[in-house]
Structures are given as C-alpha cells and as structure tokens.
Amino acid sequence: MSSPVFRLHNTLSNRIEPVEPLEPGKLRFYSCGPTVYSYAHIGNFRTFLTADLIVRTAREIGLETHYVSNITDVGHLTEDDVADSGGEDRMALALSSKEGKRFANVWDLARFYANELLRDWSRLNMIEPDVRPRATEHIAQQIRTVEALIDSGHAYETDSGVYFSVDAFKDYGRLSGNISGDNLSETTRELVVDDEKRNVRDFALWKKDPKHLMQWYSPWGWGFPGWHLECSVMALEYLGEQIDIHGGGEDLIFPHHECEIAQAESYSGKQFARYWVHTRFLQVEGEKMAKSKGNFLTVHELVSDAASGGRGINPMALRLSLISGHYRKPYNFTFDTLRANLKHIERLEQSLDVARNAPSGTSDVAARITAASERLLAAMLDDLNTPEAIAALLDGIKTILTCKDGISDEDRSAAQQFLSRVDSVLGIINEEGSDSPESSEEDDEFAATIEEMLDRRQRARASRDFALADSIRNEIEEMGVEVMDSPDGAKWKRITSIQGIDAGE
RNA sequence: GGUGACGUGGCCGAGUGGCUAGGCAAAGGUCUGCAAAACCUUGUACGGCGGUUCGAAUCCGCCCGUCACCUCCA
C-alpha cells in the first residue's frame, strides 16, 4: 500500500498538486496570523481554520508537521500612499477609538487582543501552533535581515527608510501575476510618493519615524520594520530557509506574500516556500463583510454567552459553519446555515452517546460507518474538500444513530473509530469545552425551577390531566426550554437559539 | 485598465461529458395522550444564447450578472 497523497491547490502554479515535503515525512508549514488591534472576526478565522485543517489532515496521514503561525503586534499603516507623510497606524487608530480608550498604550492594547485571539482560538478547538512568534519579539532579527539585504545589493536606504529593490529580484510578481507596474491604472491610488525610491514598486523594509508609537532603534535611526519582513524572518528562524507550505488569506497574495518571497529568496538564495495556499474571503448573508455594513462578526461576539452580550452560539457549530464551504470558493455565511450546524453538532453529540452507551444489540452497519470514515479522509486529502467531508460526516452520524436501541460490538468499534477520526480531522468534538458555560448559581436555580415544573407536569400526566400538562409545557417552552418525554422520564434542554437573531421565537 | 474566481432546486452547498452528492427548510408516515427527538419516504436543479457530441450542468465561444486582488484588510 502506498501512503495516502495529500493534494492542495498551489497559488504558485494555479494547480492542484500532491504535497511532497522537501524532507520526506516532515511538513514545514507557516500560516500568517492577524494583526491584533481588535477582536478577530470570522473571516480571519476562516483562514486560520484552513491552516488548522491542513495540519490536522497532514498529521492524520502521519506527516510530522511543524506548524508556525505568528501574531503581528506592530501597528502597520492603513495607507501606504500617505505613510511617508505620517499615515495612520492601525494600533494607534484602535487606541484612539471608543473601544480603545481603556488601554494605557498600544502595547497594552496589542497584549489584550493577542490574549483574546488565543482565547477564541481555543474555543474553536484549533490546534495550537508549535511556535507562535510575535513580531515585536523579533525586531533584532529583522534589523539583521535588512542589513544583509543592503549588503547584498537588494535594498537601499533613503531619507524615509530602507526599501527593497524590486529590480534586484527577477521573479518579483510571479506569485500574484502582477508582473509589471504598468497595469496599475488610474483606478488604483497612487503609489508611495518618495522621490528617492528607485522604482515605484519598491517596498519598505524599515520605516524611519521617531514619532511612531511603537519604535525601535536601528542602524537607520528610530523607526519600525516593514510589514512584510516579519513573516519572512520568523519563518526563516523557526522553519529554516526552505519551507513546504505557506498560507494565508487571499488578500495576502499581493503584496504581502509576493514581498515575502522577494525578501526571503534574496536573503537565502533558495526557494522560500514550495506551496502557497490561500483562503477566499467569506461573505455574510450574501454581502461583503464590512464594519460599515454592520455585518462584521467576531468570534468573540458569536460564542460569548448571552449574559455578557454575546449570541451564545456553540463554538463547535460555529467552527463547523466556517469550514462547511470550500476554502477556495467564496463562502456565504448565513445564520440559516449556522442554525443547521447547531443541529448537526447536537446529532454528533447524540452519536457519541450511542457509540458509548447504547445497549448491546445485533446491528450490522460497520461497513457503512467505515466507508464514511474513509470517504471523509479522502475528501480532506483532495484539496480540503470539506463539503464532501461533511456529507460523509452526516452519513456516519445518521448510521450510528440508527443503532441507538442496540449496537453490535463490531459496529460500536467502527463507530468509535469513525468519531475519533471526526475528532482528529475536523476538530468539531470538544467535550471539555462543550459544557463551557460555567454552571453558575443562577443556572442551578434555573434547573431547579424547571425540574419542579416538570414534576408538576408529570403528576398532571399521571392523572391524565393533559390540558394542565400541556399548559405547563408551554410555560416551560416560554422559558426557552424544550421538553422531551422518554421511557426514563422527561428530559429537558435549552432550545438552541441565536441571540439577537431568533429573538421572540 | 490588468489579473483571477464564481453563477446549481425556497436556502446553503458538492459534482465537472452518460450512472442518487449531502444538508437546512417543506410535505407525508412510524413512534407518542399530544408533542419533541429519532427513524422512513418524497423533491429532477444546474445564469442566457449559440456550438462540439449519439449524449453537456459538465467541453468550446459569446453575452449577462456577482465577487476578489492590483502597496499594507485573513
């Protein structure tokens, strides 16, 4: 048996290619992380989830995967065209916003949102990178790299900073197809105005700016590093001069990744990354997600409980929603599909219960469950075809649920193997996190009230006073709780709803 | 203007020359005092117009529409 082949779309070739690591059996993977100037939104997380699925799938087939993802905690500029004359710094902007007023300084703000990122990351049951480097902790390395690029003739200093010379790197533009500078039309805003730049396309490696809120001392005076530099430097530091896969959002193809290639390859003289994987932006309810449209959704808001102003969504359902579209296609995130995914997660939990606790029986579905399991992995190996994988997931769950009244030993074992694969590859089973809403005293009181009402209802049913029983149930439902009668008595659970969307239902 | 992607049933989303994707919603049924859950059943869609072919949602051409990137948004 040959080992399974993992195929991914490579932006460099615009083709789906088998992933063949430089060093057989060992995968070096770098995924671009966010700038932490606010809560990360679901679009950010769609990209991070693509990385997460790459790691999970690679490990499932036994590739020893070294996974690095950074945190950008330097405030880069919102507009390059005004950068030289004092453009705005993202962090500084966030600091002066209403929300940012509570932070003492940009360092504090970056620290806060970096912590929140990690919190959202773990809520979505995402794999922690082996190394999670921060830009501000790699300034010295960045300065050394700039010096090396100047020494080798790939960069030069001007009054405003140090620029990378695009003319000194022949492959510039290969990744994005932006080969010439001429294709920038009048619809594009003007490029950086700096008479000392040798080519308008040259980009900054170091900005001189003694007024910047975050600044460091360098051979070129006080200032801060260019945005593209940090990822190249940190990838080189933790993964070596040549990595296998480099990923990020589609917007990073140009200029960020194009510039990374230029810097890293000029520095090392070797091909930097062999596979480039990019995630398409998602839309919300059919529209581009934008703060101005009011459809800017953060993971923080969606999964926080209602009491603290969130929408109280099960993080696993959110995770499933965000991976339910193919990563290279525009995905339309809607509350309708989120609601469907809440049901899927409930059924998944039921299937776990069946696999563990269903009584012994004579079911005969092991072959079907195993087929679903194989189909699931095969779909993921085929350029992360998550919609197909989820179809296999649902088929497996459905099959397992048919065994709830009795399951054979063979089927139980197949079911457990299936669920274990679902756990490791899709990451939508998070049992530690699932009962996360810390059981507070309020919850205990609430439960006691419901139990008491159910007792009264049970007595009414016993005396066949169904009208009373039903009216009690209606009362319970108005409290947001669903009642389910079963052979071992009535069970209840909170009705899954999305705060702010299902209000009044 | 340049580059790239995409348009599939009420909705979300696979497929990419002939063979049921799947899910949500909906309808009917089994079960139940009634429900809920679960299970079973039902649904013939591929933006438009041409062309290639025995046969096209799938290939080719044109058109229409949507979206993204083109110097710092994942």
Side-chain angles (χ1 to χ4, degrees), chain A residues 11 14 31-35 40-51 72 76-81 83 87 90 173 176-192 200-204 226-228 247-256 258-259 278-283 286-291 321 324-326 328-334 336-341 343-344 346-347 350 354 375 379 385-395 398 401-402 404-405 461 464-467 469-470 473-474 477 482-486 490-493 495:
Chain A
T11 308
N14 197 20
S31 170
C32 283
T35 304
H41 52 71
I42 58 174
N44 295 114
F45 271 96
R46 168 146 128 121
T47 299
F48 307 153
L49 279 163
T50 301
T72 296
H76 295 291
L77 306 177
T78 51
E79 286 179 64
D80 205 27
D81 53 347
R90 283 185 188 288
S176 61
N178 290 324
I179 304 296
S180 94
D182 304 338
N183 63 15
L184 297 165
S185 77
E186 66 284 354
T187 62
T188 308
R189 49 179 188 215
E190 294 301 307
L191 292 165
V192 177
V200 287
R201 304 164 76 206
D202 290 351
F203 56 90
W227 173 45
H228 313 303
E250 62 169 334
D251 58 318
L252 299 184
I253 296 172
F254 191 89
H256 188 55
E258 194 72 77
C259 295
H278 294 102
T279 306
R280 265 287 231 173
F281 276 5
L282 59 65
Q283 301 188 309
E287 288 192 300
K288 183 186 164 114
M289 184 168 72
K291 273 183 178 157
S321 291
S324 68
H326 186 85
R328 281 192 297 112
K329 276 198 169 182
Y331 174 68
N332 187 13
F333 180 91
T334 67
D336 254 3
T337 46
L338 182 56
R339 196 173 285 108
N341 286 315
K343 288 192 181 176
H344 292 153
E346 279 181 18
R347 284 161 54 82
Q350 285 165 19
V354 168
R375 186 178 157 209
N385 189 343
T386 47
E388 166 72 12
I390 289 165
L393 164 76
L394 296 174
D395 186 55
K398 185 193 245 181
L401 289 179
T402 61
K404 70 177 164 118
D405 297 324
R461 290 179 73 207
R464 306 197 69 78
D465 184 353
F466 296 121
D470 288 349
R473 179 167 54 201
N474 287 340
E477 274 174 7
E482 190 169 80
V483 179
M484 290 159 293
D485 292 323
S486 80
K491 293 180 179 160
W492 65 276
K493 63 164 192 187
I495 293 169

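Labels below follow one simple rule: chain letters A, B, ... track the order of the sequence lines, proteins then strands, and each chain is numbered from 1. On a predicted model such as this, the values are computed, not experimentally measured, just so you know.
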message: Side chain of A/Lys404 only, heavy atoms from C-beta on: which candidate in B/U71, B/A37, B/C67 is closest?
response: B/A37
query: Below 4.0 angstrom from OP1 or OP2 of B/C67, is there any side-chain N or O of A/Lys288?
result: no
Footprint string (nucleotides 26-32 of chain B, 5' to 3'): B base within contact, S backbone only, - free, heavy atoms under 4.0 Å: -------
message: Here's a test of your reading of the structure: between A/Arg46 and A/Ser176, which maps to the more 5' nucleotide of RNA chain B?
response: A/Ser176
Ion pair check, A/Arg473 and A/Asp470, cut-off under 4.0 Å: yes
field: Residue list, salt bridge (charged side-chain N to carboxylate O under 4.0 Å, His left out) with A/Lys288, at least two apart or on another chain
entry: none
- prompt: Sub-3.5 Å donor-acceptor pair from the side chain of A/Thr337 to the main-chain atoms of A/Phe333, do we have one?
  reply: no
query: Using 4.0 Å as the upper bound for N to carboxylate O, is an ion pair formed by A/Glu388 and A/Arg375?
result: yes
task: Would you please confirm or rule out a distance under 4.0 Å between OP1 or OP2 of B/C24 and any side-chain N or O of A/Arg347?
output: no
- request: Sugar-phosphate means primed atoms, P, OP1 and OP2; the rest is base. With that split, encode nucleotides 10-21 of chain B 5' to 3' as B, S or - using protein heavy atoms under 4.0 Å.
  value: --SSSS-----B
- prompt: By side chain to side chain donor-acceptor pair (under 3.5 Å), which residues pair with A/Asn44, not counting sequence neighbours?
  reply: A/His41
- prompt: Between atom CZ in A/Phe254 and atom C1' in B/U3, what is the gap in whole Å?
  reply: 11 Å
- request: Would you kindly check whether a donor in the side chain of A/Arg473 faces an acceptor in the base of B/C34, or vice versa, at under 3.5 angstrom?
  value: yes
- prompt: When you look for runs of 3 or more Watson-Crick or G-U pairs in a row, both distances below 3.5 Å, which of them include RNA chain B?
  reply: B:1-7 with B:64-70, B:10-12 with B:22-24, B:26-30 with B:38-42, B:47-51 with B:59-63
query: Measuring from A/Ser321:OG to A/Asn341:CG, what's the distance to the nearest 0.5 Å?
result: 3.5 Å
task: Show the numbers, then the answer: is there a side-chain contact (heavy atoms from CB on, under 4.5 Å) between A/Asp485 and A/Arg461?
output: CA-CA 11 Å; A/Asp485 292 323; A/Arg461 290 179 73 207; 3.2 Å; yes
- request: Check whether the side chain of A/Asn341 and the base of B/G23 form a donor-acceptor pair under 3.5 Å.
  value: no
- request: Would you indicate which nucleotide in B/A74, B/C40, B/G33 comes nearest to any side-chain atom of A/Lys398?
  value: B/C40
A/Thr386 side-chain N/O to A/Gly325 backbone N/O, donor-acceptor pair under 3.5 Å: yes
query: With sequence neighbours excluded, what pairs up with A/Phe203 under the ring pair (Phe, Tyr, Trp, His ring centres under 6.0 Å) test?
result: A/Phe164, A/His228
field: Pi stacking test for A/Phe48 and B/A74: under 5.5 Å apart, planes under 30°
entry: no
- request: Using modelled atom types only, decide if a donor and an acceptor are shared between the side chain of A/Tyr331 and the backbone of A/Arg280 within a distance under 3.5 Å.
  value: no
field: Rounded distance in Å - CD (A/Glu287) to P (B/A68)
entry: 11 Å
